[in-house]
Amino acid sequence: MTTTPQAAIDTVLYTGRTHVTGGRDGAARSDDGKLDVRLSPPGSAAPGTNPEQLFAAGWSACFIGAMGLAARAQGVTLPADVAVDAEVDLGKSGEGYQLQARLNVSLPGLPADVARALVEAAHQTCPYSKATRGNIGVTLNLI
């Protein structure tokens, strides 16, 4: 099965490669060995993380990078303790499973209007935000 992206990539900057076995009760390992984790279903007592946590961590890191780009473009310095606490919910809608997310962004020391502008700009450029736009419910909270 092949899908066509909305906008094709002109230049690939990086490709993350993983090998996963066992699904939510398995393991994930990157081709370079830097990621090597056990997987377990959300809420279980089994050791390991789950796809929702991995997605939340990746999106948070990417979003902070996008805020850094926005800050440079706007002549603003990001605070050293900038943080994003992402919450990714796995739920059901009818018979199917679905995700929704909240990004709780902390930009201490910045005026609220400047912080809000950075968050909005980052949400427009972050690849994770672009991938989820129109596909899952996303709430941005400035804390």
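Atom CD1 of I136 sits about 8.5 Å away from atom CD of Q98, to the nearest 0.5 Å. A distance of 13.0 Å separates CG of L35 from NE2 of H19, quoted to the nearest 0.5 Å. Note that the CZ atom of R38 and the CG atom of D25 stand 9.5 Å from one another [nearest 0.5 Å]. Taken from CZ in R24 to OG1 in T49, the straight-line distance is 10.5 Å, to the nearest 0.5 Å. To the nearest 0.5 Å, atom NZ of residue K130 and atom SG of residue C62 are 9.5 Å apart.
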Next on the checklist: Please determine whether side chain to side chain contact (heavy atoms under 4.5 Å, CB included) holds for the pair R133 and V138, giving the CA-CA distance in whole Å, both sets of side-chain angles, and the decisive distance to 0.1 Å.
Outcome noted: CA-CA 8 Å; R133 188 169 294 115; V138 176; over 6 Å; no
Next on the checklist: Is there a side chain to side chain contact (heavy atoms under 4.5 Å, CB included) between L118 and L78? Walk through the geometry before answering.
Outcome noted: CA-CA 9 Å; L118 292 178; L78 279 183; 3.9 Å; yes
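Using cut-offs of 30° and 60° on the angle between ring planes, the pair W59 and Y128 is parallel.
Taking the side chain as every heavy atom from C-beta outward, I143 and V105 never approach each other to under 4.5 Å. Between V20 and L39 there is a side-chain heavy-atom pair separated by less than 4.5 Å. Residues D85 and S60 have side chains not in contact (no heavy-atom distance under 4.5 Å, counting atoms from C-beta outward). Between L99 and T132 there is no side-chain heavy-atom pair separated by less than 4.5 Å. When side chains are defined from C-beta on, R29 counts as touching D36, because their heavy atoms get closer than 4.5 Å. Counting heavy atoms from C-beta on, the side chains of L142 and L140 never come closer than 4.5 Å. For the pair M67/V119, a side-chain contact is recorded, criterion being any heavy-atom separation below 4.5 Å from C-beta on.
Note: the hydrophobic cluster containing L103 does not contain L54 (ILVMFWY, side chain heavy atoms under 4.5 Å, direct or indirect links).
Taking all atoms of both residues into account, the shortest heavy-atom contact from A56 to A86 is O-CB, 3.6 Å. The two atoms that bring T77 and L110 nearest to each other are O-CD2, 4.0 Å, heavy atoms only.
Under a 3.5 Å cut-off, the side chain of S40 and the backbone N or O of G48 do form a donor-acceptor pair.
With a 6.0 Å radius and a threshold of 12 heavy atoms from other residues, nucleotides or ligands, K92 has its NZ atom above the threshold.
A salt bridge does not link R17 to D32: none of the charged side-chain nitrogens sits closer than 4.0 Å to a carboxylate oxygen.
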